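Keep in mind that this is a model prediction, so the values were computed, not measured. Hydrogens, waters and symmetry mates are skipped; everything else that's a heavy atom, side chains included, is used. Residue numbers start from 1 in every chain, and the chains themselves are labelled A, B, ... in the order their sequence lines are given, proteins ahead of strands.
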Amino acid sequence: MHELSMAMEVIELVQHEADKNGVSDIEEILIEVGDLCGVEADIFQSALEMVVKDTLLENASVRIIRTPGKGKCSACNVEFEMKNRLDFCPDCGCFASEVSGGQEFRVVSLVAE
Amino acid sequence: MCETCGCGNPDETNIHEPKHDHEHEHQHEHDGYKHTHPHEHAPQKVIDLNKDILLENNRLAERNRGYFEGKHVLCLNLVSSPGSGKTTILEKTIRDLIPTHKIFVIEGDQQTTRDADRIEKSGAAAIQINTGTGCHLDAKMIHLALKKIEIDTNSILFIENVGNLVCPALFDLGEQKRVLVISVTEGDDKPLKYPYMFQSSDLCIINKTDLLPYVDFNVDNAMNYAGQLNPDIKFILMSAKTGEGMGEWYDWLEKQS
């Protein structure tokens, strides 16, 4: 359940940024989770809800944007939507060797009072 | 964030007021009469971060990697499912190589010092990290462990990660190479089930080959699946019990040093 560790990383990161920017109350946090980043967005959101108590994110609304997975075929260079890391290239049928999108996992922005 | 390619400069934090182009009034009652007055929002700040959530881990991992390079230490991160034989492979490796190599081990387990005790008996200095409820090692744990164990220059450091094919895949520890151990008593479709680990590893040891006559594990299937996910991954078929593949493993280690 690495999502829990990730949730705790988020709190540390936000605390650091809040201190740097002189804010103490976060109203909203926007997080981008790519479909192929290895973190399950739903589990991550639940994990974050579990660990925010008594932190500056306690009252923040958590918005998660999902980025769809993309693959680039190593044989014919076609870009296609990749749901699974083992998806075939829809054009030539070979295995895409490169994941070209959906690996994002980042805090995009905070709204602070 | 760049709207064309989606990239963001991690050092650039941008703060601005939220876009708020509407005006409204609100209405409430005082002792039976109503009135309205302009409504003002508390001032808000939008802080654009675009910061990778694993940034801190990756920063510490790079720091660990620099430490290893500076001391000419070959650091290998051993990952596997539980019970695939990592500790037995390590014990045998240490016994065979300790006369000619300096070897150190960082052991990661949820509880107990059993593995570190086994490793120390085979002759290498070991330090145990208990992750408690944690399911993986991260770069910070390694960073702290390195302060407690004096690693010699020109040595080999094995980090035995928590037996788990999911979570350790996402955490760079600062190793030079990641070595994945699976065994033939598991399914040969492991690569399909745990693609992140197979994609992020440099070498895959398929252990317990002495048991192949008794199990349904198809070595070709496992290698094909893993190769589809990661065309650069290398394989060694091994039985730490009979010694099969150990020579090939030592040759691989020599090439990395």
As an exercise: rank A:Thr67, A:Val10, A:Leu36 by heavy-atom pairs under 4.5 Å with chain B and give me the winner. A:Leu36
Hey, are the side chains of A:Glu17 and B:Lys51 touching, using non-hydrogen atoms and a 4.5 Å cut-off? yes
What pair of heavy atoms forms the shortest contact from B:Leu49 to A:Leu13, and how long is it? CD1-CD2, 4.0 Å
Output for pair (A:Arg85 CZ, B:Leu192 CG), nearest 0.5 Å, gives 13.5 Å
Does any non-hydrogen side-chain atom of B:Leu54 lie less than 4.5 Å from one of A:Met6? yes
Identify the two heavy atoms, one from B:Cys135 and one from A:His2, that lie closest to each other, and give their separation to 0.1 Å. SG-N, 3.9 Å
What is the minimum heavy-atom distance between B:Leu170 and A:Val39, and which atoms define it? CD1-CG2, 4.0 Å
Contacting moiety of A:Val107, where chain B heavy atoms sit under 4.5 Å: both
Regarding A:Glu27 and B:Gln44, do their side chains bring together a donor and an acceptor under 3.5 Å, going by distance alone? yes
Using modelled atom types and a 3.5 Å cut-off, is there a donor and acceptor pairing between side-chain atoms of B:Lys45 and backbone atoms of A:Leu110? no
Does A:Glu40 have more than 12 heavy atoms from other residues, nucleotides or ligands lying within 6.0 Å of its CD? no
If we only count heavy atoms from C-beta on, is the B:Ile53 to A:Ile31 side-chain gap below 4.5 Å? yes
More than 12 heavy atoms from other groups under 6.0 Å of CE on B:Met223: yes
Nearest heavy-atom pair of B:Phe171 and A:Ser5: which atoms, and what distance? CZ-CB, 4.3 Å
